[in-house]
Amino acid sequence: LYQPAYLMQAGFQLSFAAVLGMDYLYETLLGVSNRSFAGLVKRWPILDTMPDVLKRAGRATLALLVISIAAQLATAPIIAHAFGRVPALAIWGNLPVIPLAFWVVASTTVACMIMPLWKFGGEAFGTAADFGACLMLDFTKWLADTPGAYADGVKFSLAAIVLFTLALIIIIEWRSSIRRFALPVF
């Protein structure tokens, strides 16, 4: 590790926790949400008659919500410990931000690739990336200034963060490997 002190900084901890949460929790949470949606379809059969385009759009939106929830669950205790507040609207705010971030990265990549060959095209894609980045930043600023965007006064001790993390791991892993060790098979 280049600078071991970075491990204690909130930025590193939040980045690490968000990636870990998305990697570790996403599949499980998506499975739960898909089973919940299947239950809704059984109760309301009209949902099953929707056009395929709407079904795909619904699944994509659900996947964006689930990835946001996974990251939020993983980072919430660290945010509360470091800042004394927890974002309440960030999950919904990620619905437009995630596709915009993809647009910015893709446009920037294309701009960098074609700029040496076609200056006008590179500038056009660069402008599109700049517009997407400005739109994303303006939206997140507006969302942060919205009343109720944060739950203030929330504090977690380091012990509570460790217990929360362990509980989350046990809940997620209970269906697989831990159950094999925790409950002997007769």
Side-chain angles (χ1 to χ4, degrees), residues 14-79 86-115 118 121-151 165 168-177 179:
L14 289 170
S15 296
F16 188 81
V19 170
L20 191 64
M22 288 185 285
D23 184 47
Y24 191 70
L25 301 174
Y26 175 72
E27 292 297 326
T28 300
L29 293 175
L30 188 63
V32 168
S33 63
N34 284 336
R35 285 190 299 277
S36 298
F37 186 73
L40 284 176
V41 170
K42 284 182 183 176
R43 280 189 221 129
W44 296 322
I46 195 158
L47 291 175
D48 204 27
T49 63
M50 291 188 317
D52 286 341
V53 172
L54 288 178
K55 288 179 185 176
R56 284 194 300 270
R59 284 190 189 103
T61 303
L62 184 64
L64 286 176
L65 278 174
V66 169
I67 200 84
S68 295
I69 291 168
Q72 188 76 27
L73 275 174
T75 58
I78 298 168
I79 293 170
V86 176
L89 298 178
I91 292 170
W92 301 105
N94 282 338
L95 285 175
V97 168
I98 292 173
L100 275 172
F102 174 77
W103 171 262
V104 169
V105 170
S107 297
T108 303
T109 302
V110 171
C112 290
M113 288 172 52
I114 67 172
M115 183 65 87
W118 185 34
E123 289 174 352
F125 278 97
T127 301
D130 186 49
F131 176 74
C134 288
L135 192 62
M136 190 169 48
L137 290 172
D138 289 345
F139 174 76
T140 54
K141 181 171 178 0
W142 169 81
L143 189 66
D145 292 340
T146 302
Y150 296 94
T165 304
L168 204 57
I169 289 169
I170 289 170
I171 290 168
I172 298 298
E173 288 294 322
W174 183 255
R175 301 191 67 182
S176 59
S177 58
R179 182 172 36 178

Exercise. When rounded to the nearest 0.5 angstrom, what is the spacing between CD1 in Ile67 and CG in Leu30?
Worked result: 9.0 Å
For this session: Might you point out which heavy atoms bring Ala111 and Phe125 nearest each other, and give the distance in Å?
Result: CB-CB, 3.7 Å
Throw together a table of side-chain donor-acceptor distances under 3.5 angstrom for residues 68-78, partners on residues two or more places apart or in other chains.
| unit_1 | atom_1 | unit_2 | atom_2 | d |
| --- | --- | --- | --- | --- |
| Ser68 | OG | Leu64 | O | 3.0 |
| Ser68 | OG | Asn94 | ND2 | 3.1 |
| Gln72 | NE2 | Pro87 | O | 3.2 |
| Thr75 | OG1 | Ala71 | O | 2.9 |

Exercise. Within a reach of under 6.0 Å around CE of Met113, are more than 12 heavy atoms found that belong to other residues, nucleotides or ligands?
Worked result: no
Exercise. If you look at every heavy atom in Leu143 and Leu89, which pair is closest and at what distance?
Worked result: CD2-O, 3.8 Å
Seminar exercise, completed: Here the gap from Leu65 atom CG to Leu95 atom CG, rounded to the nearest 0.5 Å, amounts to 4.5 Å
List the atom pairs, donor and acceptor, that lie under 3.5 Å between side-chain atoms in residues 127-139 and the rest of the protein, sequence neighbours left out.
| unit_1 | atom_1 | unit_2 | atom_2 | d |
| --- | --- | --- | --- | --- |
| Thr127 | OG1 | Glu123 | O | 2.8 |

